[in-house]
Amino acid sequence: MGEDIFARVYALVAQVPYGRVVTYGQIARAIGLERGARVVGWAMRRCPANLPWHRVVNAQGGISLHDAPETVPLQRALLESEGIRFDRSGRLDLARYRWEGI
DNA sequence: GGGCTGACTGACG
DNA sequence: ACGTCAGCCAGCC
């Protein structure tokens with residue numbers, strides 16, 4: 001049952017297109033948890049490797065801290081390889097890259 | 001059942 | 001613009 005939430009999170013993440021991003025809160029709202037952004041973060045800790053996990057960012061357009069330190073630069077590198085640009089403070093422009101398809 | 005923990009967020013100072 | 005704070009809620013003791 002509780003795994004339904006995880007499954008729904010992963011199903012949404014799987015749909016995010018190349019070169020676009022979504023936020024934790026955005027996913028939470030899409031699965032009916034208006035303020036469940038942290039739960040989405042919890043689910044993303046165990047995100048299956050075959051999903052585009054790097055396309056999930058925080059509400060400020062920044063990359064949130066992960067378990068492994070290397071994961072943050074890796075996520076940024078993956079996004080940059082898809083044409084996404086970061087500003088000096090390490091944030092991307094959500095108005096430009098956010099995917100609204102969920 | 002009760003308390004703690006986050007890959008969060010919006011509000012404040 | 002940056003650091004803090006208090007809510008948030010499923011999962012895990």
Side-chain angles (χ1 to χ4, degrees):
Chain A
M1 299 319 190
E3 297 185 53
D4 264 10
I5 292 183
F6 283 64
R8 291 165 86 182
V9 170
Y10 301 146
L12 290 177
V13 172
Q15 298 176 52
V16 184
Y18 180 98
R20 309 301 298 277
V21 300
V22 293
T23 68
Y24 297 94
Q26 200 178 342
I27 295 175
R29 288 194 300 277
I31 64 178
L33 295 175
E34 290 305 312
R35 287 145 197 161
R38 304 190 74 166
V39 175
V40 175
W42 182 276
M44 290 308 291
R45 282 178 67 199
R46 311 216 173 172
C47 183
N50 58 310
L51 297 184
W53 57 271
H54 58 285
R55 297 179 187 144
V56 183
V57 299
N58 63 40
Q60 283 70 52
I63 294 172
S64 294
L65 227 56
H66 298 191
D67 297 340
E70 312 80 49
T71 332
V72 173
L74 170 61
Q75 180 169 358
R76 173 167 173 160
L78 286 170
L79 290 173
E80 287 179 323
S81 77
E82 301 188 356
I84 293 179
R85 300 207 274 164
F86 287 77
D87 64 21
R88 276 178 289 187
S89 51
R91 291 184 301 209
L92 55 80
D93 183 2
L94 276 176
R96 178 177 175 183
Y97 300 114
R98 182 199 294 272
W99 183 56
E100 300 283 5
I102 60 178

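To find a chain, count down the sequence lines: A is the first, B the second, and so on, and within it residues start at 1. Just so you know, these numbers come straight off a predicted model, no measurement behind them.
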*Residues within residues 90-100 of chain A bordering DNA chain B, heavy-atom distance below 4.0 Å*: none
*Starting from the C-alpha separation in whole Å, work towards a yes-or-no answer on side-chain contact (heavy atoms from CB on, under 4.5 Å) for I5(A) and L33(A).*
CA-CA 10 Å; I5(A) 292 183; L33(A) 295 175; 4.3 Å; yes
*asked:* Tell me every residue that passes side chain to side chain donor-acceptor pair (under 3.5 Å) with T23(A), counting only those two or more places apart in sequence or in another chain.
replied: none
*asked:* Taking the side chain as everything from C-beta on, heavy atoms only, tell me whether I31(A) gets closer than 4.5 Å to V9(A).
replied: yes
*Starting at CZ of F86(A), measure out to CG of L79(A) and round the result to the nearest 0.5 Å.*
4.5 Å
*Name all stems that contain residues of DNA chain B, defined as runs of 3 or more consecutive Watson-Crick or G-U wobble pairs, both distances under 3.5 Å.*
B:2-6 with C:9-13, B:8-13 with C:2-7
*asked:* For a quick check of understanding: with a heavy-atom distance under 4.0 Å over all strands, which category does I63(A) fall into, base, sugar-phosphate or nothing?
replied: nothing
*Which value, rounded to the nearest 0.5 Å, describes the distance between Y10(A) atom OH and L51(A) atom CG?*
8.0 Å
*Would you list the pairs meeting side chain to side chain donor-acceptor pair (under 3.5 Å) in which at least one residue belongs to residues 36-58 of chain A, sequence neighbours left out?*
H54(A)-E82(A), R55(A)-E82(A), N58(A)-S64(A)
_Take a 6.0 Å sphere around CG of L74(A) and say whether it holds more than 12 heavy atoms from other residues, nucleotides or ligands._
yes
*Per-nucleotide protein contact string for nucleotides 6-13 of chain B (B base, S sugar-phosphate only, - none; heavy atom under 4.0 Å)*: BBBSS---
*Write down the distance between CD1 (I27(A)) and P (dC9(C)), rounded to a whole number of angstrom.*
17 Å
_Checking L94(A) against V57(A) for the side-chain contact (heavy atoms from CB on, under 4.5 Å) test, could you report, in this order, the C-alpha distance in whole Å, the side-chain angles of both residues, the deciding distance, and whether it holds?_
CA-CA 9 Å; L94(A) 276 176; V57(A) 299; 4.2 Å; yes
*Report the residues that fulfil side chain to side chain donor-acceptor pair (under 3.5 Å) with R20(A), sequence neighbours left out, ordered by chain and then residue number.*
none
*So, the side chain of Q26(A) versus the backbone of V56(A): is there a donor-acceptor pair under 3.5 Å, distance only?*
no
